[in-house]
There are 2 protein chains.
Amino acid sequence: MSATTRPYHHGNLREALLEAGERALEAHGAQNLSLRELARDVGVSHAAPRRHFADKQALLDALALDGFEGLRTILTGAIADAGPDFDARLLALARAYVAYATDHPALTALMFASKHQDGAPPELAEAAERAFAPALTAVAEGQRTGAVVPGEPERVAKVAFAALHGLVALTNNGLLDDDLPLDAFLDEAVERLVAGLRPR
Amino acid sequence: MSATTRPYHHGNLREALLEAGERALEAHGAQNLSLRELARDVGVSHAAPRRHFADKQALLDALALDGFEGLRTILTGAIADAGPDFDARLLALARAYVAYATDHPALTALMFASKHQDGAPPELAEAAERAFAPALTAVAEGQRTGAVVPGEPERVAKVAFAALHGLVALTNNGLLDDDLPLDAFLDEAVERLVAGLRPR
DNA sequence: ACCTGAACACCGTTCAAGT
DNA sequence: ACCTGAACACCGTTCAAGT
């Protein structure tokens, strides 16, 4: 871009498209994301993306995959920073997930949307599983110390995650913040969640 | 279509479009719903829908509105048929919601997505509120009899609904049924939900 | 190997015009 | 009042061709 050369592209078109895609995703939603627009943003012809993404869905899949990897990093960090107390660890995970999901609402929706449909690449499901491994581990820990009801850890973790994800879904769609400050609400919800997981 | 008359349309184009829209929605998703396709299905020119729906979003909003009214009918019926026992009433509501949402996955996603967009008509939010009134009432009941933690009923109901909605969201996106039979899973989840709501 | 340019079939939306 | 037909600007996708 500096001197005279001006090659086909400034380096890695694939990465540039993904970056522009993430911006466009949060800006106008997955519905209105246009490959041609991304190509323009990045300065290539509208047919150039084809080299790197077979079609629009392939680009969306790649974005979702990156999303799961980002989430994994966040969750892993959160659990590492949390102390040994079980409730604190669970709260840290929950907070981290909510923070990630509310920071990237459109990406989160994409990650959990029809991506799972017909021809979704298996890497997506694998990345999702890796992302949630910390949560699974936490539940299993909790079960060993008796802080969590017994049962298949995967199942228990999924129930807990579903509750959290529902909160995030409603928040990101504007159904909660009318009358609720999210932070306080989250604390209450997670408290309730932990209460629901406790043996009785 | 029968004799010679062949008027502009067979009656109510608006209703016909909504019906075709609901089918198309569940068939190929809101993303790929095409106004022109609906017009073809119904047998009018591609510009005819404009009389009844200002644009595509207006049709989607109308579909979502119908969805909330359908949900309201279902929930009202479920609570009416349930006995006096609180847990049974809550379970009935939860079951009814899950049944509705898994029967109409794309419509459910639409109902909780486009809802809050910039120019969403206020009728949508009102219809949503009416739909969930039975749940709000049930929580308030539970609080009077001491079966549910105290606190603003709206807030408590929203936490509970969020949990359920998360379950539905994961189910409808194929993230649960790999390894879990939904019915048994739902029972466990609702049990946990009720446990979370109980004072301790 | 990577990108361009033209082309095709499809959209949503608009608007004059028909009945 | 309700619908048609042509038109416009935009897509996603394909493919020969350039470097």
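Chain letters run A, B, ... following the sequence lines, proteins first, then strands; residues in each count from 1.
Between A:Phe53 atom CZ and D:dT14 atom C1' there is a gap of 19 Å when expressed in whole angstrom units. Atom P of nucleotide D:dG12 and atom NZ of A:Lys56 are separated by 5 Å, given to the nearest angstrom. Here the C1' atom of nucleotide D:dA1 and the CG atom of B:Leu13 are 13 Å apart, to the nearest Å. Atom pair A:Gln31:CD and C:dC11:C1' shows a separation of 14 Å (rounding to whole Å applied). Rounded to a whole Å, the CG atom of B:Leu59 is 15 Å from the C1' atom of C:dT13. One atom, CG of B:Leu35, and another, C1' of D:dC10, lie 15 Å apart when rounded to the nearest Å.
Of all heavy-atom pairs between A:Gly146 and A:Pro199, the closest is O-CG, 3.6 Å. When all heavy atoms of B:Ala135 and B:Leu93 are compared, the closest pair comes out as CA-CD1, 3.7 Å.
Side-chain N/O atoms of A:Arg51 include none lying less than 4.0 angstrom from OP1 or OP2 on D:dT13. Remark: B:Arg36 is not in phosphate contact with C:dG12, judged by side-chain N or O atoms under 4.0 Å from OP1 or OP2. The side chain of A:Ser34 contributes an N or O atom lying less than 4.0 Å from OP1 or OP2 of D:dG12. Under 4.0 angstrom from either OP1 or OP2 of C:dT14 there lies at least one side-chain N or O belonging to B:Arg50. An OP1 or OP2 oxygen of D:dC2 is reached within less than 4.0 angstrom by no side-chain nitrogen or oxygen of B:His52.
Contact annotation for B:Leu38: no contact, since no heavy-atom pair falls under 4.0 Å across all strands. Counting non-hydrogen atoms under 4.0 angstrom, B:Ser45 reaches a base of the nucleic acid.
Looking at the side chain of A:Ala47, the nearest of the listed nucleotides D:dT4, C:dT4, C:dG12 is C:dT4. Among D:dT4, C:dC3, C:dT13, the nucleotide with an atom closest to any side-chain atom of B:Asp55 is C:dT13. Nearest nucleotide to the B:Ala48 side chain, out of D:dC3, C:dT4, D:dG12: D:dC3. Taking only side-chain atoms of B:Glu37, from C-beta outward, the nucleotide of C:dT13, C:dC11, D:dC11 with the closest atom is C:dC11. Of all nucleotides listed (D:dG5, C:dG5, C:dT4), C:dG5 comes nearest to the side chain of A:His46.
Side-chain N/O atoms of B:Glu22 and B:His104 include no donor and acceptor closer than 3.5 Å.
B:Asp87 has a carboxylate O that lies under 4.0 Å from a charged side-chain N of B:Arg198, or vice versa, which qualifies the two as a salt bridge.
Heavy atoms from other residues, nucleotides or ligands lying under 6.0 Å from CD of B:Glu129 number 12 at most.
C:dA7: Watson-Crick or G-U partner is D:dT13, with both key distances under 3.5 Å. Across all strands shown, the partner of C:dG18 is D:dC2, judged by Watson-Crick or G-U wobble contacts whose two distances both fall under 3.5 Å.
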